[in-house]
Colleague: 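Have a look at the structure that comes next, please.
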Amino acid sequence: MTMKKRKVLLTGGSRGIGEAIKNELAGAGYEVVAPERAELDLADDKSLARFLEKNQGASFDILINVAGINNISPLEAIKDNDIDEMMAVNLVGPLKLARMASAGMKQKKWGRIVNISSIFGVVSKEKRTVYSATKFGINGITKALAVELGPYNILVNSVCPGYTETELTRKNVGEEDRKIILPNIPLRRFAQPDEIAKVVRFLVSEDNTYLTGQIIIADGGFTSC
Ligand SMILES: NC(=O)c1ccc[n+]([C@@H]2O[C@H](COP(=O)([O-])OP(=O)(O)OC[C@H]3O[C@@H](n4cnc5c(N)ncnc54)[C@H](OP(=O)(O)O)[C@@H]3O)[C@@H](O)[C@H]2O)c1
């Protein structure tokens, strides 16, 4: 239980990892604001601008950037549209939301920002050029904001999930790929979304008082091999 009812802004709450985080935090007594796509479409500049304008001055204690897309493609087949969309959703949107939400946190001298990155923000794989660009980028944002916002007691961290059982993984990882990947995960299984949610819950909690600027990899040991 939190001491104070903290207000959370969370993207990507409709399913997968975001939904698990939303449920974990709501169950722990947080007030979670999770805009649906109709209210905030990160791929649409106008929608994002409207959302930022409407919420300027809203007093969020916590921002969790979860929404993300991964359209895999070999280099020669990458479409310009995919580059623009992935940059907007995975990188630019989270940065602008952090700029908006941090204003209230600064005033209160308390805040937590968690960016959901990926193992492909630390290592990479073929066909993940754009995705990795965005996920390495968000980890850079995490580091820079941790430095800039630290004096205001705003703690900023990335969580990098490994393979997690969501629609995104079902789209990009076929049965054959799964057979190849599993022996390379020391825990011999993909993560469940709630296992990622529990890491985030600690990071945004009152218990986290000194952990900031970190790129936390929750991958069952995959990147340790
Ligand atoms: N699953 C994995 O193995 C894995 C591993 C590493 C990192 N991640 C990262 O974890 C995050 C969540 O992934 P997931 O597996 O839970 O994905 P998912 O099941 O595909 O869910 C994606 C979420 O992002 C939202 N979203 C997508 N495009 C959006 C847009 N233009 N505007 C606003 N919201 C948008 C979706 O909303 P709608 O319902 O409106 O589409 C949905 O809530 C992503 O950042 C992903 O890169 C996932």
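One is the number of the first residue; the rest follow in order along the sequence. Each ligand, and each atom within it, is numbered from 1 in the order the structure gives.
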Colleague: Is Glu53 salt-bridged to Lys46, going by a charged N under 4.0 Å from an acidic O?
Modeller: no
Colleague: Ring-plane angle category for Phe222 and Tyr163, please: parallel below 30°, perpendicular beyond 60°, tilted otherwise.
Modeller: perpendicular
Colleague: What pair of heavy atoms forms the shortest contact from Thr212 to Val156, and how long is it?
Modeller: OG1-N, 2.8 Å
Colleague: Atom NZ of residue position Lys79 - does it have more than 12 heavy atoms of other residues, nucleotides or ligands inside 6.0 Å?
Modeller: no
Colleague: Compute the shortest N/O to N/O distance between Val66 and ligand 1 and return yes if it is under 3.5 Å, no if not.
Modeller: yes
Colleague: Using a 4.0 Å cutoff against the non-hydrogen atoms of Ala43, which atoms of ligand 1 qualify?
Modeller: 31 (N)
Colleague: Are more than 12 heavy atoms, taken from residues, nucleotides or ligands other than Lys125, located less than 6.0 Å from that residue's NZ atom?
Modeller: yes
Colleague: My understanding is that we take every heavy atom of each candidate and find the minimum distance to atom 9 (C) of ligand 1. Doing that for Ala88, Ser117, Gly68, which one comes out nearest?
Modeller: Ser117
Colleague: Counting both backbone and side chain atoms, is some N or O of Ile17 under 3.5 Å from an N or O of ligand 1?
Modeller: yes
Colleague: To check your reading of the model: name the closest protein heavy atom to atom 6 (C) of ligand 1, its residue, and the distance in Å.
Modeller: Pro161 O, 3.2 Å
Colleague: Could you tell me which atoms of ligand 1, counted from 1 in the order shown, lie closer than 4.0 angstrom to a heavy atom of Gly16?
Modeller: 16 (O), 19 (O)
Colleague: Before signing off on this row, confirm whether Gly12 and ligand 1 have an N or O atom pair separated by under 3.5 Å.
Modeller: yes
Colleague: Below the 3.5 angstrom mark, is there an N/O of Tyr163, backbone or side chain, next to an N/O of ligand 1?
Modeller: no
Colleague: Counting only heavy atoms, tell me which of Thr11, Thr169, Val173 gets closest to atom 2 (C) of ligand 1.
Modeller: Thr169
Colleague: If you have a sec, work out which protein heavy atom is nearest atom 27 (C) of ligand 1 and how many Å separate them, to one decimal?
Modeller: Arg37 NH2, 3.6 Å
Colleague: Salt bridge between Glu39 and Arg50, side-chain N to carboxylate O under 4.0 Å?
Modeller: no
Colleague: Quick test: of every protein heavy atom, which one is nearest to atom 5 (C) of ligand 1, and how far off is it to 0.1 Å?
Modeller: Gly162 O, 3.2 Å
Colleague: Check whether NZ of the Lys or CZ of the Arg Lys135 lies under 6.0 Å from the centre of the six-membered ring of Phe120 and within 45 degrees of that ring's axis.
Modeller: no
Colleague: Under 4.0 Å between a Lys/Arg side-chain N and an Asp/Glu carboxylate O for Lys179 and Glu176?
Modeller: yes
Colleague: Please write down residue, atom name and distance for the protein heavy atom closest to atom 47 (O) of ligand 1.
Modeller: Tyr131 OH, 2.6 Å
Colleague: Which bit of Phe190 is near ligand 1, meaning a heavy atom under 4.0 Å away: side chain, backbone, both or neither?
Modeller: neither
Colleague: Please work out, at 4.0 Å between heavy atoms, whether the side chain, the backbone, both, or neither of Leu42 comes within that distance of ligand 1.
Modeller: both
Colleague: Can a non-hydrogen atom of Ala191 be found less than 4.0 Å from any atom of ligand 1?
Modeller: no
Colleague: Where's the contact between Glu85 and ligand 1, heavy-atom distance under 4.0 Å: side chain, backbone, both or neither?
Modeller: neither
Colleague: Nearest protein heavy atom to atom 34 (N) of ligand 1, by residue and atom, and its distance?
Modeller: Ala67 CB, 3.6 Å
Colleague: Between Asp61 and Lys108, does at least one N-O distance fall below 4.0 Å, as a salt bridge requires?
Modeller: yes
Colleague: Charged N to carboxylate O below 4.0 Å: is that the case for Lys5 and Glu31?
Modeller: no
Colleague: Suppose I only count heavy atoms of Ile69 and a 4.0 Å limit; which atoms of ligand 1 are within that range?
Modeller: 27 (C), 28 (N)
Colleague: Less than 4.5 Å apart, side chain to side chain, heavy atoms only: is that true for Val32 and Leu9?
Modeller: no
Colleague: Within a distance under 4.0 Å of any heavy atom of Leu40, pick out the atoms of ligand 1 and give their elements.
Modeller: 32 (N), 33 (C)
Colleague: If you have a sec, work out which protein heavy atom is nearest atom 17 (O) of ligand 1 and how many Å separate them, to one decimal?
Modeller: Leu168 CB, 3.6 Å
Colleague: Check Glu148 with Lys106, please: is the shortest side-chain N to carboxylate O separation under 4.0 Å?
Modeller: no
Colleague: Taking a cutoff of less than 4.0 Å between a non-hydrogen atom of the residue and any ligand atom, is Asp41 in contact with ligand 1?
Modeller: yes
Colleague: Are Val200 and Val204 side-chain neighbours, meaning at least one heavy-atom pair lies under 4.5 Å?
Modeller: yes
Colleague: Just let me know how Thr166 lines up against ligand 1, side chain, backbone, both or neither, with a heavy-atom cut-off below 4.0 Å.
Modeller: side chain
Colleague: For residues Ala67 and Leu42, report the shortest heavy-atom separation together with the two atoms involved.
Modeller: CB-CD1, 3.6 Å
Colleague: Could you list which atoms of ligand 1 come closer than 4.0 Å to a heavy atom of Val89?
Modeller: 31 (N)
Colleague: Does Ser118 reach ligand 1 with a nitrogen or oxygen that is under 3.5 Å from one of the ligand's nitrogen or oxygen atoms?
Modeller: no
Colleague: What protein heavy atom is closest to atom 18 (P) of ligand 1, reported as residue, atom name and distance in Å?
Modeller: Arg15 NH1, 3.2 Å
Colleague: Looking at every heavy atom in both Ile116 and Ile21, which two are closest together, and how far apart are they?
Modeller: CD1-CD1, 4.2 Å
Colleague: I would like to know whether Tyr152 and Gln107 meet side chain to side chain contact (heavy atoms under 4.5 Å, CB included); could you show each step before the answer?
Modeller: CA-CA 8 Å; Tyr152 300 93; Gln107 279 177 2; over 6 Å; no
Colleague: If we only consider heavy atoms of Cys160, is any one of them less than 4.0 Å away from an atom in ligand 1?
Modeller: no
Colleague: Which residue supplies the protein heavy atom nearest to atom 43 (O) of ligand 1, what is that atom called, and how far is it?
Modeller: Ser14 OG, 2.7 Å
